[in-house]
Amino acid sequence: MPATPTTPSHEDEDLLFRILSQLDKAPDASQRATAAAVGTSLGRLNAQLRAAAEAGLVKVSERAGPDKRQRFAYALTTRGAAEKIRLTDQFLARKFAEYDALHAELTGTTSGLVPFKYRTKLMQNNLAPIPELYVSYDSAQKLKVEAAELKSHDLSPRQICDLELLMNGGFNPLKGFLNEADYNGVVDTMRLADGTLWPMPITLDVSEDFAASLEIGEDIALRDQEGVILGTMTVTDRWEPNKSHEAEKVFGADDDAHPAVNYLHNTAGKIYLGGPVTGIQQPVHYDFRGRRDTPNELRAYFRKLGWRRIVAFQTRNPLHRAHQELTFRAAREAQANLLIHPVVGMTKPGDVDHFTRVRCYEAVLDKYPAATTSMSLLNLAMRMAGPREAVWHGLIRKNHGCTHFIVGRDHAGPGKNSAGEDFYGAYDAQDLFREHQEEIGIEMVDFKHMVYVQERAQYEPNDEIEDRDNVTILNISGTELRRRLAEGLEIPEWFSFPEVVNELRKTKPPRSKQGFTVFFTGFSGSGKSTIANALMVKLMEMGGRPVTLLDGDIVRKNLSSELGFSKEHRDLNIRRIGYVASEITKNGGIAICAPIAPYATTRRAVREDVEQFGAFLEVHVATSIEECERRDRKGLYKLAREGKIKEFTGISDPYDVPTDPELRVETENVDVDNCAHQVLLKLENMGLIAG
């Protein structure tokens with residue numbers, strides 16, 4: 001009869017914890033030195049090392065030398081590094097409980113600190129260091145070699161942002177990507193399986209093929225987009241999530257108009273992996289390096305300056321005068337120093353790029369008192385989840401050493417839903433934050449919408465203007481600001497700083513000087529290519545900007561000759577066209593695209609790529625399928641109806657008719673020149689070409 005396995009005692013686990021920690025700190029020390037450092041005998045050390053090696057926590061290799069006691073070298077494996085992190089938490093939890101019991105015995109009361117599982121409130125001192133997931137430098141060098149032999153996952157930009165904040169403690173108390181139990185708890189109740197408050201699923205989404213190649217318990221290497229290994233993960237969970245349920249619970253609606261829901265359904269992998277992460281190195285940022293700080297670096301900075309109360313201001317937009325007034329008021333109300341903490345990871349499609357925004361922040365930083373204000377950049381991938389996002393931002397700022405956090409009107413709102421209504425109420429984020437404020441461990445400074453009162457020449461909260469019938473209230477919306485920039489109109493100094501406007505104008509010249517993309521879509525034979533050619537000639541005749549035609553057939557011949565006509569390959573072909581068009585647009589040229597582009601999600605992705613840099617004009621060439629068949633010179637429709645061509649758009653494969661294109665043209669009784677002229681008129685109406 002086999003022996004029943006015994007649970008390790010606290011003493012054994014503490015010893016293993018000390019051994020793994022010592023091997024991480026001093027991997028080249030002799031066994032005698034290691035035994036002395038952890039306070040045990042050589043015999044017991046050897047027994048523990050053998051057990052650890054059998055469990056895959058330690059890698060043993062022979063070392064040349066005359067001293068037999070140093071003939072073996074020991075190094076932590078990826079799994080050993082993860083086990084060290086787990087044992088660290090367990091060790092700290094037990095010591096915390098012992099302290100609490102001793103405090104009660106000596107004083108008759110408990111310490112007043114919360115149980116260890118609520119890690120968001122464990123650090124009562126906001127300036128004390130918090131746990132990171134990185135191993136020591138020496139261990140990292142060895143883990144890099146070991147990780148090179150593991151299966152690899154190439155991280156997406158969003159996953160790189162998430163991994164960085166996992167490793168540096170920004171997502172404390174998370175120790176890795178969520179397992180299935182934690183994921184379900186976060187989605188349904190905003191809590192991890194142990195009850196800890198956490199509102200946002202941090203998941204590693206991968207393809208079905210990659211997930212199927214893995215075994216539970218297997219270690220994988222996590223690489224950036226250039227192949228650099230940033231860390232490793234032990235796969236403890238693998239599951240297919242109900243993404244519609246996740247969208248409803250986390251974002252409030254399963255509506256693709258929400259950028260995060262669109263990402264969830266159309267970009268993210270189908271399978272989620274969960275498990276602890278071991279950090280090897282942080283992602284490399286070549287831009288604004290002096291402005292990027294980890295949570296512990298910011299805490300050390302606050303300690304050095306003697307700051308005890310710090311209010312954080314979250315922004316993904318340039319700073320205008322209303323923001324300055326809001327932050328001044330927040331700092332006064334909280335009697336705190338100010339940390340301007342803008343997001344420079346992924347934000348909402350169409351937002352001003354972070355390079356321009358940071359230049360804007362730096363241009364106006366001297367408008368703030370240097371002794372009480374600092375700025376640091378946060379590489380966060382926002383989800384635009386409104387109320388949940390506000391709670392998440394609060395937890396992240398708590399980890400960065402802040403004591404107060406500004407939550408404004410429609411915090412992290414994504415805009416309108418498919419019905420044209422706001423996804424969240426204006427102050428829903430403040431309400432949810434207030435409900436959880438004590439547990440978050442950071443105090444909210446709530447502010448309403450700020451507007452300019454002309455008679456008093458100052459900004460005031462819109463809801464607090466009692467004499468509003470007797471004063472002139474001025475405000476410029478984001479849409480109006482973009483219009484003024486696009487048309488080269490004046491932006492008044494009461495609204496923004498001249499330095500900010502100058503930076504924005506460098507990036508956003510008047511529309512008549514910007515690059516843009518015209519994207520034709522329609523059935524095969526609808527006349528897209530013919531109209532596109534006519535438009536190209538007319539634009540070249542006008543001059544002023546280079547014009548490039550990206551016709552579907554031409555692109556297939558020169559860029560996508562290896563692709564077939566499956567949905568996956570057609571999507572890839574359109575994405576390639578979109579990429580080239582976005583580069584042309586970014587560099588001030590005109591891109592004319594004329595593929596079939598049957599799928600709405602792919603067209604939306606191309607639009608988002610292009611609109612980072614300029615305007616996007618979608619033109620639906622609305623020729624009926626019957627007319628396209630009648631015109632069919634190549635006999636493709638006939639072959640498709642006979643089943644000789646598979647997945648043919650309009651016959652055996654669907655075409656998502658554009659619901660809201662900028663322009664729809666009919667070609668059945670209209671000549672090509674007239675259709676091209678309609679496009680020119682639309683471009684003129686949009687301010688993209690001179691009249």
Side-chain angles (χ1 to χ4, degrees), residues 85-86 89-90 92-93 96-97 100 111-126 128 130-133 162 165-166 168-203 241 245-246 248-252 260 274 276-277 295 299 310-312 314 341 378 380-407 411-412 424 427-446:
I85 293 170
R86 185 189 73 81
D89 277 353
Q90 189 169 291
L92 287 173
F96 178 80
D100 206 42
S111 65
L113 301 179
V114 294
F116 182 77
K117 70 178 182 178
Y118 293 110
R119 289 292 298 279
T120 52
K121 292 194 69 178
L122 175 61
M123 291 294 173
Q124 297 295 305
N125 181 353
N126 64 300
I130 61 170
E132 297 183 349
L133 303 184
D162 287 350
L165 287 165
L166 281 170
N168 69 21
F171 284 171
N172 184 56
L174 303 190
K175 299 303 179 191
F177 291 99
L178 297 184
N179 60 37
E180 187 172 7
D182 283 333
Y183 165 81
N184 289 332
V186 168
V187 167
D188 291 328
T189 67
M190 296 205 314
R191 293 189 179 277
L192 302 174
D194 69 358
T196 304
L197 178 68
W198 189 264
M200 197 62 57
I202 306 299
T203 52
H245 178 70
E246 180 180 338
E248 289 281 356
K249 297 294 288 187
V250 177
F251 305 108
V277 161
R299 285 170 172 246
I310 303 100
V311 58
Q314 147 91 26
H341 207 200
L378 179 66
L380 174 71
M382 290 182 67
R383 270 60 164 182
M384 310 305 297
R388 281 202 184 211
E389 184 115 359
V391 174
W392 189 40
H393 290 172
L395 291 167
I396 292 167
R397 272 35 182 246
K398 170 67 175 177
N399 287 330
H400 282 79
C402 300
T403 58
H404 296 72
F405 181 56
I406 299 171
V407 181
H411 185 97
Y424 312 115
Y427 300 110
D428 286 356
Q430 292 182 0
D431 293 340
L432 189 66
F433 196 105
R434 191 176 291 109
E435 181 183 338
H436 296 283
Q437 178 173 273
E438 184 177 352
E439 191 174 349
I440 295 170
I442 190 170
E443 189 173 330
M444 177 174 69
V445 182
D446 59 328

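For the numbers below, each heavy atom of this structure counts, side chains included, while hydrogens, waters and symmetry mates do not.
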Check your understanding: Given side chains that start at C-beta, do those of P131 and K175 come closer than 4.5 Å, heavy atoms only?
Key -> yes

Exercise for review: Would you confirm whether N399, through its side chain, and N172, through its main-chain N or O, come within 3.5 Å as a donor-acceptor pair?
Suggested key: yes

Practice item. Say whether, by atom type as modelled, one donor and one acceptor occur between the side chain of E180 and the main chain of G274 under 3.5 angstrom. Key: no

**Study point:** Side chain to side chain, V277 and L174, heavy atoms closer than 4.5 Å
**Key:** no

**Study point:** Rounded distance (nearest 0.5 Å) linking atom CD1 of I396 with atom CG of L378
**Key:** 6.0 Å

Point to revise | Rounded distance [0.5 Å steps], CD in E248 versus CG in D188 | key: 12.0 Å

Practice item. Name all residues meeting the side chain to side chain contact (heavy atoms under 4.5 Å, CB included) criterion together with P295; count only those two or more places apart in sequence or in a different chain, and write none if there are none. Key: I130, N168, H400

Practice item. Please step through side chain to side chain contact (heavy atoms under 4.5 Å, CB included) for the pair T403 and E443, ending with a clear verdict. Key: CA-CA 6 Å; T403 58; E443 189 173 330; over 6 Å; no

Check your understanding: Does I85 reach the side chain of P276, with side-chain heavy atoms less than 4.5 Å apart?
Key -> no

Revision key, fill the gap. When every non-hydrogen atom of I310 is compared with those of G401, the smallest separation belongs to CD1-O, 3.6 Å

Study note, to complete from the structure: So CG of L395 and CD1 of I442: to nearest 0.5 Å the spacing works out to 8.5 Å

**Study point:** Euclidean distance, R397 CZ relative to I440 CD1, rounded to 0.5 Å
**Key:** 12.0 Å

Practice item. Give a yes or no answer on whether the side chain of R299 reaches the backbone of N126 with a donor-acceptor pair at less than 3.5 Å. Key: yes

Review point. Is M382 close to E389 at the side-chain level, that is, under 4.5 Å between some pair of heavy atoms?
Key: yes

Point to revise | Polar side-chain atom of R388 near backbone of P199 as donor-acceptor pair, under 3.5 Å | key: yes

Exercise for review: Grab the two heavy atoms, one from A390 and one from F405, that are nearest each other, plus how far apart they are.
Suggested key: O-CE2, 4.0 Å

Practice item. Run through V187, N184, V186 and flag the one making a side-chain contact (heavy atoms from CB on, under 4.5 Å) with E246. Key: V187

Check your understanding: Which atom names give the shortest non-hydrogen contact between H411 and A429, and what distance separates them?
Key -> CB-CB, 3.7 Å

Check your understanding: Nearest 0.5 Å, what's the CE-CZ distance between M200 and F171?
Key -> 9.0 Å

Exercise for review: Give, for atom CZ of R191 and atom NE2 of H436, the distance between the pair rounded to the nearest 0.5 Å.
Suggested key: 6.5 Å

**Study point:** Results of side chain to side chain contact (heavy atoms under 4.5 Å, CB included) for Q430 - residues two or more places apart only
**Key:** V407, Y427, R434, M444, D446, K448

Exercise for review: Find out whether D162 and T203 are in side-chain contact, i.e. whether some heavy atom of one side chain is under 4.5 Å from a heavy atom of the other.
Suggested key: no

Check your understanding: Is there a donor-acceptor contact under 3.5 Å from the side chain of W392 to the main chain of G394?
Key -> no

Review point. Would you say the side chain of Q314 lies within less than 4.5 Å of the side chain of I406, judging by non-hydrogen atoms?
Key: no

